[in-house]
Amino acid sequence: LVAYNAAIGSYMNVGEYDKALALYESMKEKKIKPDSITYNVLMTGCCKMSKYDEAIGFLDEMTNSKVPVSKEVYSSAISAYSKQGRIAEAESMYAQMKAARCQPDIITYTKLIHAYSIAEKWEKAYAIFEEMMANDIEPDVVSCSALMRAFNKGNQPAKVLSLLEYMKDKNLPISDAICFEVISACSLLRDWRTAIELIKVMEPSFHKLSTGQLNHLLHFLGKSGKMETMMKVFLKMVASGAEISQPTYSVLLKNLLASGNWRKYIEVLQWMEDTGIQPS
RNA sequence: UCGGAGCACCA
């Protein structure tokens with residue numbers, strides 16, 4: 001059983017849905033009864049490939065064959081529904097979970113918060129967050145970032161900033177995800193000063209950021225007219241030995257052009273050529 | 001053996 005579960009999971013991770021399914025069929029032929037882990041692996045695998053209906057299909061098979069539904073499976077089902085925008089069904093899974101006396105944990109709560117963020121219901125997301133705390137579960141950095149996402153999508157940037165204060169009080173680390181949510185919030189509030197301060201705090205860990213994140217940062221700085229800071233960050237990227245690719249140059253050039261800084265524009269174009277990157 | 005958020009340009 002364990003070997004089957006692991007193998008099905010591996011096929012799912014590399015996108016071999018048919019092979020995973022074949023294994024599932026073969027285990028049934030051999031009278032090996034799939035357990036809740038088997039079903040959860042199948043469901044999460046389906047979700048990764050956006051096969052949500054198939055995921056729900058496995059949930060049905062699971063309940064039909066009386067396999068007990070674990071909290072992991074409830075959580076996966078909540079995601080499967082919410083990612084399709086079926087929030088009512090996600091809510092009903094949560095209700096069933098409670099009815100089955102299955103204790104939601106921090107991951108379940110985070111998925112619910114995320115579900116409401118997809119559904120653009122920040123009030124509901126916040127209510128889940130409070131429910132979680134009422135159940136003596138301490139928010140962590142992931143649940144906070146999920147709630148921040150919901151706040152930003154609902155145009156509640158001030159709430160993002162107060163959540164940030166809460167996190168500082170609790171000594172929660174400020175992850176890069178949190179940072180980008182806060183930057184988005186500052187952007188909505190046109191509060192560049194707070195954003196720039198935050199970027200300064202992140203500076204020592206620039207080398208850990210992905211290229212996408214660095215480009216996002218440059219994009220934000222440019223958009224807010226902080227050309228000097230943008231160039232400074234860029235030079236730090238170069239100095240830290242990061243691979244600078246064409247999209248990074250595009251962001252720089254676009255912003256320099258928009259701000260009318262054509263001298264710098266030409267200079268950057270020159271750097272780009274020097275490093276052998278073709279302009280698109 | 002299984003479950004959670006976030007990541008730019010372009011499209």
Side-chain angles (χ1 to χ4, degrees), chain A residues 1-13 20 23 27 32 34-48 55 58 62 67 69-80 82-83 93 97 102 104-118 125 128-129 132 137 139-153 160 163 172 174-185 187 202 208-223 230 233-234 237 245-255 257-258 279-280:
Chain A
L1 175 63
V2 170
Y4 269 108
N5 289 348
I8 292 175
S10 307
Y11 275 132
M12 283 300 196
N13 283 333
L23 276 181
M27 71 190 285
I32 300 174
D35 65 357
S36 72
I37 295 183
T38 315
Y39 283 107
N40 197 37
V41 170
L42 287 165
M43 287 174 64
T44 56
C46 287
C47 290
K48 279 187 198 120
F58 285 120
M62 176 175 192
V67 175
V69 182
S70 65
K71 70 167 186 266
E72 286 87 351
V73 172
Y74 279 116
S75 304
S76 306
I78 290 171
S79 294
S82 68
K83 289 196 176 144
M93 283 312 307
M97 179 176 186
C102 189
D105 63 8
I106 192 157
I107 295 187
T108 317
Y109 283 120
T110 304
K111 285 193 181 249
L112 285 165
I113 292 170
H114 185 216
Y116 285 122
S117 138
I118 293 173
I128 294 290
F129 188 79
M132 174 172 95
I137 296 179
D140 65 0
V141 50
V142 178
S143 45
C144 287
S145 74
L147 182 58
M148 284 183 171
R149 190 80 277 247
F151 284 154
N152 272 331
K153 288 184 78 177
V160 173
L163 186 53
L172 286 172
I174 306 303
S175 68
D176 39 351
I178 296 291
C179 234
F180 283 103
E181 292 306 337
V182 174
I183 288 175
S184 305
S187 191
M202 291 175 75
K208 294 183 25 223
L209 297 180
S210 72
T211 335
Q213 287 167 327
L214 286 166
N215 291 344
H216 187 183
L217 207 60
L218 295 175
H219 178 76
F220 164 79
L221 290 166
K223 199 178 60 182
M230 180 183 83
V233 169
F234 174 72
M237 282 170 71
S245 54
Q246 193 255 323
T248 304
Y249 283 108
S250 306
V251 174
L252 282 187
L253 292 171
K254 192 177 149 185
N255 286 318
L257 195 59
S280 66

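Throughout, a chain's letter reflects where its sequence line sits, starting with A, and its residues are numbered from 1.
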Sugar-phosphate, base or nothing in reach of A/Ser75, heavy atoms under 4.0 Å = base
request  = Please check if any side-chain donor atom of A/Asp35 sits under 3.5 Å from a side-chain acceptor atom of A/Thr38, or the reverse.
outcome  = yes
key: Sugar-phosphate or base contact per nucleotide [nucleotides 4-11 of chain B; S, B, -; heavy atom under 4.0 Å]   = BBBBBBS-
inquiry  = Looking only at the side chains, is there a donor atom on one of A/Gln213 and A/Asp176 sitting less than 3.5 Å from an acceptor on the other?
reply    = yes
Rounded distance (Å) that lies between atom C1' of B/U1 and atom OH of A/Tyr11 = 16 Å
ask   = What's the CE-P distance between A/Met12 and B/C2, to the nearest Å?
value = 15 Å
message = Show me the pairs that pass salt bridge (charged side-chain N to carboxylate O under 4.0 Å, His left out) and involve residues 1-13 of chain A, at least two apart or across chains.
response = none
A/Met12 side chain reached by A/Thr44 side chain, heavy atoms, under 4.5 Å = no
ask   = Of A/Ser79, A/Ser75, A/Ser76, which is the lone residue that meets side-chain hydrogen bond (donor to acceptor under 3.5 Å, both in side chains) with A/Lys111?
value = A/Ser79
